[in-house]
Asks: 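Quick one: the structure is below, and I'll ask about it shortly.
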Amino acid sequence: MKARELCLRVALSLGLVTLLAGAACADWANVSIGGGSMKRVLMDVDGDGYVDSLTVNYWYKNPGTGAGSWQAIPTGWNQEVWNGGYQVGHANIATFIDGQRVGDVNGDGLPDMVIGTMGWDSAVGVPTNMRDSIYAAINPGTQGTWSFYYIGTLTPATEDGAEAIEIGDMNNDGHPDIIAGGENHQVRWYVNPGTMSNNWSYYTLYTNPYYDTEGMALTDFNSDGYLDIAATSSASLGGTGSTFVLLNPKSNTGNWPCYTLDTGLYSCMETIAVGDLDGDDDMDVIVAVRKPFVSSYLVWYKNNGDGTSWSGRNIMDKLTFTNLEGRQPAIVDVDLDGYNDVICYRKDSGATLWYKNNGNGTSWVKNQITVNALDYYAIGDVDNDGDIDIICGGRWYKNPTN
């Protein structure tokens with residue numbers, strides 16, 4: 001019997017969707033894989049068919065079975081490195097990170113890493129010449145040192161810096177671009193020049209003088225073959241914010257058409273994800289947000305098909321005893337039943353949760369993956385058994401589905 005079938009389900013109506021809440025399921029079994037880091041991403045770094053665990057200073061090589069000690073291999077980023085007059089590496093680079101994404105930047109089929117650095121926050125101590133900036137680390141595909149590049153700086157100078165980072169080919173020229181935003185109140189498209197170089201040119205796609213860009217996700221919302229942008233924002237001191245979509249006009253230009261999905265609920269960190277939640281082949285948006293001094297919500301915004309109209313605020317879950325939001329949700333078919341589910345660390349509940357989709361996005365079963373707060377977790381098929389596992393720090397949480 002699968003773990004989810006051990007849960008006692010109690011129906012309870014929440015807004016426009018139904019949440020079937022049960023007793024906490026047994027934790028997913030977890031084992032030590034050696035090493036440890038706050039932020040990890042699961043990608044096949046060396047192309048051997050197994051996902052590895054990637055951080056800024058090291059990547060941890062999957063031994064092939066998931067279990068056992070994962071070899072820590074340095075990237076070389078935590079050294080003072082310069083490229084073309086730009087400082088692109090530092091001994092404390094891992095402490096400077098605000099935004100972070102992994103993707104194929106140079107088009108060689110291997111995962112690279114892009115980060116955004118903090119601003120003038122005195123507690124962090126980012127060197128003046130590295131504040132509010134975006135850097136790319138290019139994967140050599142082996143155990144050698146990575147190559148590092150300066151992409152650009154988000155101005156004007158801020159405290160939190162470049163908070164939101166994404167990687168995707170925005171103009172379909174075959175070269176993955178970098179989308180970035182943060183406390184400068186903008187969303188920028190840094191255009192990949194086709195060969196790795198420093199100081200990429202950019203377009204400003206969106207500006208709001210009052211809101212920081214907190215999180216972003218890329219997908220094709222209107223099925224026109226071009227990537228669009230979903231984002232969350234918040235006022236610098238909280239209190240208000242929005243969730244919005246920028247539709248790609250299919251031309252190299254600034255000021256993309258903007259469609260606001262919601263206001264009043266806001267996020268102060270990366271808490272947005274995109275995926276098809278109701279099986280209609282349209283990409284939807286999900287956000288873990290909060291309403292100050294009231295409650296924390298997990299909200300699904302349904303795409304009505306063209307990316308310009310959305311079916312309101314569909315509340316999947318609401319927690320009322322604090323006002324803290326969760327970390328970034330992940331949309332994935334956890335139990336391999338053909339329907340996308342949601343994994344989310346809800347800081348206010350002190351647990352990592354799996355929201356099982358009952359088939360059309362109108363009812364969800366909330367299961368507890370673990371009582372541990374898996375902050376900055378990563379998902380991927382660690383042992384190649386066909387289901388999605390979780391890595392957090394130096395531990396592997398194994399999905400019991402298979």
Side-chain angles (χ1 to χ4, degrees), residues 99-107 111-112 114 116 134 136 151-152 154 162-182 184-194 200-209 211-233 241-263 267 270-278 280-287 300-311 328-329 331 340:
Q100 177 186 15
R101 280 293 181 271
V102 170
D104 184 9
V105 175
N106 64 343
D112 310 303
V114 177
I134 304 152
I151 304 301
L154 298 182
E163 300 176 84
I165 301 289
E166 281 293 342
I167 302 169
D169 184 0
M170 308 308 292
N171 56 2
N172 288 354
D173 66 352
H175 305 300
D177 308 302
I178 295 172
I179 307 297
N184 69 332
H185 311 305
Q186 294 179 347
V187 174
R188 289 184 182 179
W189 166 19
Y190 285 87
V191 183
N192 191 328
W200 294 10
S201 62
Y202 68 87
Y203 298 97
T204 299
L205 307 183
Y206 169 87
T207 301
N208 186 312
Y211 292 168
D212 302 342
T213 303
E214 298 286 350
M216 293 189 301
L218 304 182
T219 193
D220 183 1
F221 284 116
N222 55 1
S223 301
D224 65 354
Y226 284 78
L227 289 174
D228 308 303
I229 303 169
T232 59
S233 66
S242 68
T243 300
F244 59 94
V245 164
L246 301 174
L247 287 185
N248 192 332
K250 298 186 285 189
S251 62
N252 290 355
T253 182
N255 298 316
W256 287 15
C258 179
Y259 299 87
T260 300
L261 309 189
D262 203 351
T263 59
S267 169
E270 290 191 74
T271 58
I272 187 169
V274 294
D276 181 13
L277 291 178
D278 55 357
D280 64 357
D281 295 326
D282 297 320
M283 295 295 104
D284 307 309
V285 173
I286 189 167
V287 187
W300 160 42
Y301 301 98
K302 173 179 165 50
N303 182 357
N304 290 331
D306 58 5
T308 64
S309 62
W310 299 78
S311 294
Q328 183 173 10
I331 298 177
N340 278 332

Asks: Output all residues satisfying side-chain contact (heavy atoms from CB on, under 4.5 Å) with Asp177, sequence neighbours left out; order by chain, then residue number.
Replies: Asp169, Met170, Asn171, Trp189, Val191, Asn192
Asks: Minimum heavy-atom separation for Asn304 and Ser311, please, with both atom names.
Replies: OD1-OG, 2.7 Å
Asks: Mind listing the closest non-hydrogen atom pair of Glu214 and Glu270 along with its distance?
Replies: O-CG, 3.3 Å
Asks: Would you sort out whether Asp104 and Asp112 count as a side chain to side chain contact (heavy atoms under 4.5 Å, CB included), showing the intermediate values?
Replies: CA-CA 5 Å; Asp104 184 9; Asp112 310 303; 3.5 Å; yes
Asks: Can you name the salt bridge (charged side-chain N to carboxylate O under 4.0 Å, His left out) partners of Arg188, sequence neighbours left out?
Replies: none
Asks: Rounded at 0.5 Å granularity, tell me how far CG in Leu246 sits from CH2 in Trp256.
Replies: 7.5 Å
Asks: Considering non-hydrogen atoms only, spot the tightest contact between Ala273 and Pro329 and give its length.
Replies: CB-O, 3.4 Å
Asks: As an exercise, state the distance from CH2 of Trp300 to CG of Leu277, rounded to the nearest 0.5 Å.
Replies: 6.5 Å
Asks: Checking side chain to side chain contact (heavy atoms under 4.5 Å, CB included) for the pair Asp228/Asp220: CA distance, chi angles, key distance, verdict?
Replies: CA-CA 5 Å; Asp228 308 303; Asp220 183 1; 3.6 Å; yes
Asks: What residues form a ring-ring contact (aromatic ring centres under 6.0 Å, His included) with Trp200, not counting sequence neighbours?
Replies: none
Asks: Quick one: list whatever passes side-chain contact (heavy atoms from CB on, under 4.5 Å) with Ala164, sequence neighbours left out.
Replies: Thr213, Met216
Asks: Any side-chain hydrogen bond (donor to acceptor under 3.5 Å, both in side chains) involving residues 241-253? Give me the pairs, sequence neighbours left out, ordered by first then second residue.
Replies: Ser233-Ser242
Asks: Please identify each residue that fulfils salt bridge (charged side-chain N to carboxylate O under 4.0 Å, His left out) with Asp262, with sequence neighbours left out.
Replies: Arg313
Asks: Using side-chain heavy atoms (C-beta onward) and a distance below 4.5 Å, is Tyr301 in contact with Val245?
Replies: no
Asks: Considering residues at least two apart in sequence or located in another chain, which fulfil the side-chain contact (heavy atoms from CB on, under 4.5 Å) criterion with Thr308?
Replies: Leu247, Tyr259, Asp306
Asks: With rounding to the nearest 0.5 Å, note down the distance linking CD1 in Ile151 to CD1 in Ile178.
Replies: 4.0 Å
Asks: Do you know the tightest heavy-atom contact between Ile272 and Ala217?
Replies: CG2-N, 4.3 Å
Asks: For Asn208, what residues pass the side-chain contact (heavy atoms from CB on, under 4.5 Å) criterion, not counting sequence neighbours?
Replies: Tyr206, Tyr210, Tyr211
Asks: Please round to the nearest 0.5 Å and tell me the distance separating atom CG of Leu227 and atom CD1 of Ile179.
Replies: 8.5 Å
Asks: Indicate the atoms forming the closest heavy-atom contact of Gly152 with Tyr190, along with that distance.
Replies: CA-CE2, 3.9 Å
Asks: Restricting to salt bridge (charged side-chain N to carboxylate O under 4.0 Å, His left out), what partner residues turn up for Glu163, sequence neighbours left out?
Replies: none
Asks: Within the 4.5 Å heavy-atom criterion, are Leu205 and Asn255 side-chain neighbours or not?
Replies: no
Asks: Whether the side chain of Asn184 engages the backbone of Leu154 through a donor-acceptor N/O pair (distance < 3.5 Å, no angle test) should be reported.
Replies: no
Asks: Please lay out, stage by stage, how Phe221 and Trp310 fare under the test ring-ring contact (aromatic ring centres under 6.0 Å, His included).
Replies: CA-CA 11 Å; Phe221 284 116; Trp310 299 78; 5.3 Å; yes
Asks: So which heavy atom on Val274 is nearest to which on Ala230, and how close?
Replies: CG1-CB, 4.1 Å
Asks: Using side chain to side chain donor-acceptor pair (under 3.5 Å) as the criterion, list what pairs up with Asn303, not counting sequence neighbours.
Replies: none
Asks: Rounded to the nearest 0.5 Å, what separates atom CG in Asp276 from atom CG in Asp282?
Replies: 7.0 Å
Asks: Could you work out, with ring-ring contact (aromatic ring centres under 6.0 Å, His included) as the rule, every residue matching Tyr226, not counting sequence neighbours?
Replies: none
Asks: Under the rule for salt bridge (charged side-chain N to carboxylate O under 4.0 Å, His left out), what residues qualify as partners of Asp280, not counting sequence neighbours?
Replies: Lys302
Asks: Once rounded to the nearest 0.5 Å, what's the spacing between atom CG of Leu218 and atom CE of Met283?
Replies: 13.5 Å
